[in-house]
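Remarks on the structure that follows.
We use all heavy atoms of the structure for the numbers below, so side chains are in, but hydrogens, waters and symmetry mates are not.
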Amino acid sequence: MNRLDAIVHGHVQGVFFRQTAIREAKALGLTGWVRNEPDGTVRTVAEGNDPALEQYLAFLHDGPPEARVTNVDERWSEASGKYADFTARF
């Protein structure tokens, strides 16, 4: 089990990014969270197996149809195991 901590840059707020990320992460069996940041980015932490995390990362590079992702900063580490579900944070 690993952890992906990512910050998504571009036109990513106000385009249902969080809702779509939650749906994608849950479908992949991931745990963690996603939130809008004050600087206009979206930050997400996801934990799970590597194939699912790679698929989630691929989603982050595209986002929902209305999003325009310009960059994704990613950091990988060992999973903490402290998340029971995948949720939005505010």
Side-chain angles (χ1 to χ4, degrees):
M1 298 285 282
N2 281 312
R3 171 185 173 125
L4 168 65
D5 189 337
I7 299 174
V8 185
H9 301 264
H11 179 64
V12 293
Q13 290 191 13
V15 294
F16 300 100
F17 204 105
R18 285 177 299 167
Q19 294 88 339
T20 309
I22 291 167
R23 187 170 52 244
E24 183 75 14
K26 286 184 175 192
L28 292 168
L30 300 174
T31 60
W33 53 267
V34 61
R35 74 173 174 222
N36 286 343
E37 294 292 333
D39 64 359
T41 61
V42 170
R43 180 169 178 213
T44 183
V45 170
E47 295 187 350
N49 64 51
D50 286 344
L53 288 170
E54 291 291 345
Q55 287 183 358
Y56 184 64
L57 180 59
F59 158 77
L60 295 177
H61 280 276
D62 291 330
E66 298 82 13
R68 298 295 174 262
V69 176
T70 58
N71 189 43
V72 178
D73 299 328
E74 60 186 88
R75 190 174 76 227
W76 294 85
S77 60
E78 189 174 312
S80 69
K82 67 180 181 179
Y83 306 110
D85 199 359
F86 199 95
T87 60
R89 285 192 173 177
F90 300 93

Under a 3.5 Å distance rule, please check whether E47 uses its side chain to pair with a backbone N or O of G81 as donor and acceptor. yes
Separation between OG1 (T44) and CD (E74), nearest 0.5 Å, reads 12.5 Å
With sequence neighbours left out, the residues meeting salt bridge (charged side-chain N to carboxylate O under 4.0 Å, His left out) with E37 are R35
Are T41 and R43 close enough that some pair of their side-chain heavy atoms sits under 4.5 Å apart? no
Going by chain and number, the hydrophobic cluster around V45 (ILVMFWY, side chain to side chain under 4.5 Å) further includes W33, Y83
In terms of heavy-atom contacts, N2 and E78 come closest through OD1-CA, 4.0 Å
Nearest heavy-atom approach of P64 to T20 is CB-OG1, 3.7 Å
Q.
Could you tell me if the side chain of F90 sits less than 4.5 Å from the side chain of R18, heavy atoms only?
A. yes
Closest non-hydrogen contact found for E66 with H11 is O-CD2, 3.6 Å
Going by chain and number, the hydrophobic cluster around L30 (ILVMFWY, side chain to side chain under 4.5 Å) further includes L4, V8, V12, V15, F17, I22, L28, V34, V42, L53, Y56, L57, F59, L60, V69, V72, W76, F86
